[in-house]
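For reference, the structure discussed in these notes is given below.
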Amino acid sequence: MDPRTIRMTAPCSLRHRALAVRLVAEACRLVRGERSGDDLAAGYDVRDPFDVAVVSAFAEIYNNVALHACAGLVDPQIELAIAATPDGITVEMTDPGRRFDPESVRSPDLDALPEGGMGLHIARAMLDVVDYEPGPPNLWRLSKRRVAAVDPPVVATRTA
Amino acid sequence: MDPRTIRMTAPCSLRHRALAVRLVAEACRLVRGERSGDDLAAGYDVRDPFDVAVVSAFAEIYNNVALHACAGLVDPQIELAIAATPDGITVEMTDPGRRFDPESVRSPDLDALPEGGMGLHIARAMLDVVDYEPGPPNLWRLSKRRVAAVDPPVVATRTA
Amino acid sequence: MPIDFARADQGDTTNLRIAGTLDVLTAPGLASTIEQIVEERRPKVVVDLSGLDLIDSSGVAALVALYKRVRAVGGQVQVTGARDQPLAIFKLLRMDKVFLL
Amino acid sequence: MPIDFARADQGDTTNLRIAGTLDVLTAPGLASTIEQIVEERRPKVVVDLSGLDLIDSSGVAALVALYKRVRAVGGQVQVTGARDQPLAIFKLLRMDKVFLL
Ligand SMILES: Nc1ncnc2c1ncn2[C@@H]1O[C@H](COP(=O)(O)OP(=O)(O)O)[C@@H](O)[C@H]1O
Ligand SMILES: Nc1ncnc2c1ncn2[C@@H]1O[C@H](COP(=O)(O)OP(=O)(O)O)[C@@H](O)[C@H]1O
């Protein structure tokens, strides 16, 4: 177990969401190498595009877990394991709830101005990795690299 | 293990302090019964006297643990267990660091305008309970009731 | 700031200012205001999001519902002022064009 | 806002505005400014804390050091504008009277 991993266990409900979201947001600051801990009272910065992406995606996944997976359970708890390094962030979240198949969720038809079904799409678009292993406990693995690869993909070209 | 307990494990350093302090601050909002999770972007509220007391005290104890107890350790980790109920909050923090005797720390002579030695005094004055059990791991138990007892103390009166 | 919204009517135009966070926890608080605006068949609704700090998919859904319903009764909706995280979400969902941001 | 401070001299008076958080992480950033003010033997230092949101015992220690050192070289210090958590800490440490809050 990496001693730098940040772990949290907390009730899985919307009421407790801020505990998890704030922890993830604070971990993003560690990724960016900002000195943490010195801005408690000030406006909370979710302006940096990296933080925007990670916090937005995580909040969608958390909402789904609280609303869909853990609905009806008595005192469900989630577990978070956050690895924040200068290269990026990985958040693993386990929940004791209903399993499901994320592959069954289609991308929304954005031209139709959907009024739902956008959560997973947002998470996938914002992150590099959105993996799910059904359980119980179910495991979400969310990950984003800090610096997007700048090398263009190698494209094999053929002359026809 | 109470399923409503909020637990965190994280590196014990000043750099990681905000993770712990934010979690404690967010737990204070749960004590106050505020709906949490809906003010991520806004100014962070440490105005409520209860929150002011708990966050101020916890930050002092955390600083001491990071600076005095865990100094020199390789990858020290703290563990937090937070119980937030409408009655108040209890934060237990364990650290793998040097043990010490808090009784040996005198109250500062405030009239002398001290330039140090105020941390434990602040914590004790702000909270109802500041207990310490030497380890390892060392355990701090910090607790504050939401509503101070309103009954005046029973004073035995005697006629001289 | 949880959510903070204000409606002000001026002639044919209804100005709706939404500030703070619009998400699964707070969006339900907008529902009755949206309902009223639709019932009153307001011809023009201007939604000012310059004070909005955070939105999630439930918040977007609430705005889309407002947009669709007002248009369904013949009205127009214009969304202005989105910035930061909300703007990023609208762009990702390609709603910046619909909302004329 | 980590810490944010500004020094402005006007005649005999040095105005020092400290905003944000003044704590074990940020207080060291003030040290050289304090050093300078003491070296220059400024006769009057007014510390404006109206923008200060949070302080801890290390932050208090930095202000006390400023106070003592300026006075040791014959100057005066006035601390103004403390509110919320910092004011609660000053009162607890009975510094509200010294600082004339
Ligand atoms: N963690 C989960 N556990 C169970 N079902 C889920 C989970 N996440 C998503 N779902 C299902 O997938 C659907 C689509 O999810 P999503 O794309 O986030 O949109 P929305 O939550 O707005 O419906 C949900 O309506 C729900 O039925
Ligand atoms: N958790 C701890 N572990 C070891 N020593 C400690 C701890 N907390 C406090 N101390 C000791 O007690 C002293 C007084 O602590 P405190 O009242 O917080 O003031 P300060 O940290 O400003 O000196 C510290 O200087 C340190 O020597």
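What you see is a predicted model; the values in this text were computed from it and never measured. Residue numbering restarts at 1 for every chain, and letters A, B, ... go by the order of the sequence lines.
Considering only heavy-atom pairs separated by less than 4.5 Å from chain B, the leading option among Met8(A), Arg4(A), Arg7(A) is Arg7(A).
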Report the C-alpha separation of Leu30(B) and Leu19(A) in whole Å, then their side-chain angles, then the decisive distance to 0.1 Å, and conclude whether the side-chain contact (heavy atoms from CB on, under 4.5 Å) test is met.
-> CA-CA 10 Å; Leu30(B) 292 171; Leu19(A) 296 166; 3.9 Å; yes
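Between Pro3(B) and Pro11(A), the shortest heavy-atom contact is O-CG, 3.8 Å.
Between the CZ atom of Arg17(B) and the CD atom of Glu26(A) there is a distance of 10.5 Å, given to the nearest 0.5 Å.
At a heavy-atom cut-off of under 4.5 Å, chain B is reached by Asp75(A), Gln77(A) from residues 67-100 of chain A, listed in order of number.
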